[in-house]
Amino acid sequence: QVQLVESGGGLVQAGGSLRLSCAASTGTFSNYHMGWFRQAPGKEREFVAAIHWSGGRTLYADSVKERITISRDNAKNTVYLQMNSLKPEDTAVYYCAADRGVILHMRSSEYDYWGQGTQVTVSA
């Protein structure tokens, strides 16, 4: 069992930046690919970014790839999401997730463990 705890959300003006963190309570963090997803009110959960367990490969949604960077520190059992040039449409609850599979995925159904989410609100 892996517990994931997100932090770093909040209220920011358009054009601002936020750095989300997700801390994992497992001694085998480096065995998991990690992903970030988001869900806006009235919308389905959508993929944002994912990172290979080694940190050597990343995936991004087209809507964010010029503004968002995913990274991880396996020594700290933590994955990060640096978000720059934020827009009101980035407003959502952001979730991190862990996948113990082989292939790095964008599909939420492939992820095995989920955090409780952190709210990001971008004002115009």
Side-chain angles (χ1 to χ4, degrees):
Q1 189 74 11
V2 178
Q3 292 187 330
L4 303 172
V5 179
E6 301 96 335
S7 61
L11 174 64
V12 63
Q13 289 186 332
S17 298
L18 280 175
R19 187 195 196 200
L20 306 184
S21 299
C22 173
S25 62
T26 173
T28 57
F29 179 71
S30 60
N31 289 353
Y32 293 87
H33 305 316
M34 298 298 296
W36 284 97
F37 294 79
R38 66 186 182 185
Q39 188 166 18
K43 296 186 177 181
E44 293 188 353
R45 189 171 299 187
E46 66 173 358
F47 171 78
V48 176
I51 187 166
H52 192 270
W53 63 262
S54 68
R57 186 182 178 218
T58 56
L59 297 174
Y60 292 96
D62 288 342
S63 60
V64 304
K65 62 183 178 181
E66 300 298 328
R67 303 182 291 116
I68 287 181
T69 303
I70 188 172
S71 61
R72 66 189 297 160
D73 185 338
N74 287 345
K76 295 182 178 180
N77 284 10
T78 303
V79 61
Y80 304 98
L81 191 70
Q82 177 67 44
M83 303 189 294
N84 301 321
S85 302
L86 283 163
K87 305 175 182 180
E89 51 263 44
D90 294 318
T91 295
V93 177
Y94 284 70
Y95 299 89
C96 74
D99 173 16
R100 59 190 171 189
V102 175
I103 299 173
L104 190 60
H105 284 290
M106 292 183 176
R107 293 189 299 272
S108 61
S109 60
E110 299 291 342
Y111 287 78
D112 304 294
Y113 302 101
W114 292 82
Q116 82 289 347
T118 186
Q119 176 71 47
V120 171
T121 303
V122 184
S123 62

Check the pair Leu20 / Met83 against side-chain contact (heavy atoms from CB on, under 4.5 Å), numbers first and verdict last.
CA-CA 8 Å; Leu20 306 184; Met83 303 189 294; 3.9 Å; yes
Leu81, Leu59: one ILVMFWY side-chain cluster at the under-4.5 Å cut-off?
no
Tell me whether the count of non-hydrogen atoms from other residues, nucleotides or ligands lying under 6.0 Å of CD in Gln13 goes above 12.
no
Point-to-point distance, once rounded to the nearest 0.5 Å, from CG of Asp99 to OG of Ser108:
11.0 Å
If we ignore hydrogens and angles and just use 3.5 Å, is the side chain of His105 paired with the main-chain N or O of Arg107 as donor and acceptor?
no
Side-chain donor/acceptor of Arg100 to backbone N/O of Tyr113, under 3.5 Å
no
Smallest heavy-atom separation, Leu4 atom then Ala98 atom, equals CD1-N, 3.7 Å
Distance check, rounded to the nearest 0.5 Å: Asn84 atom CG versus Thr69 atom OG1?
6.5 Å
Locate the shortest heavy-atom distance separating Arg72 from Asn74; write the atom from each residue and the value.
NE-OD1, 2.7 Å
Please report the interatomic distance OG(Ser30) to NE2(His52), rounded to the nearest 0.5 Å.
11.0 Å
Around atom CD of Gln3, are there more than 12 heavy atoms of other residues, nucleotides or ligands at under 6.0 Å?
no
Locate the shortest heavy-atom distance separating Val79 from Ser71; write the atom from each residue and the value.
CG2-O, 3.1 Å
I'd like to know if the side chain of Asn77 reaches the main chain of Thr26, judged simply by a donor and an acceptor atom lying under 3.5 Å from each other, with no hydrogens or angles considered.
yes
Arg57 CZ to Ile51 CD1 distance, which is reported to the nearest 0.5 Å:
11.5 Å
Grab the two heavy atoms, one from Ser17 and one from Ser85, that are nearest each other, plus how far apart they are.
OG-N, 4.3 Å
Any link between Phe47 and Val93 through a network of hydrophobic side chains (Ile, Leu, Val, Met, Phe, Trp, Tyr) touching at under 4.5 Å?
yes
Using residues 32-41 as the side-chain source, report each donor-acceptor pair under 3.5 Å to any protein atom, sequence neighbours left out, with the distance given to one decimal.
| from | atom 1 | to | atom 2 | distance (Å) |
| --- | --- | --- | --- | --- |
| His33 | ND1 | Trp53 | N | 3.0 |
| His33 | NE2 | Gly101 | O | 3.3 |
| His33 | NE2 | Val102 | O | 3.0 |
| Arg38 | NE | Glu46 | OE2 | 2.5 |
| Arg38 | NH1 | Asp90 | OD1 | 2.9 |
| Arg38 | NH1 | Tyr94 | OH | 2.9 |
| Arg38 | NH2 | Glu46 | OE2 | 3.1 |
| Gln39 | NE2 | Lys43 | O | 3.1 |

Kindly give the heavy-atom pair with the smallest separation between Tyr80 and Asp73, and that separation in Å.
CE1-CB, 4.1 Å
Is a side-chain N or O of Tyr95 found less than 3.5 angstrom from the main chain of Glu6, in a donor-acceptor match?
no
One pair to check against side-chain contact (heavy atoms from CB on, under 4.5 Å): Ile70 and Ile68. What are the steps and the verdict?
CA-CA 7 Å; Ile70 188 172; Ile68 287 181; 5.7 Å; no
Please say yes or no: joined through hydrophobic side-chain contacts below 4.5 Å, possibly via intermediate residues, are Val48 and Tyr111 part of one cluster?
no
Just so I know, are the side chains of Thr91 and Gln119 near enough to count as touching, which here means a heavy-atom distance under 4.5 Å?
yes
Identify the heavy atoms of Ala14 and Ala124 that sit nearest to each other, and give their distance.
CB-CA, 4.4 Å
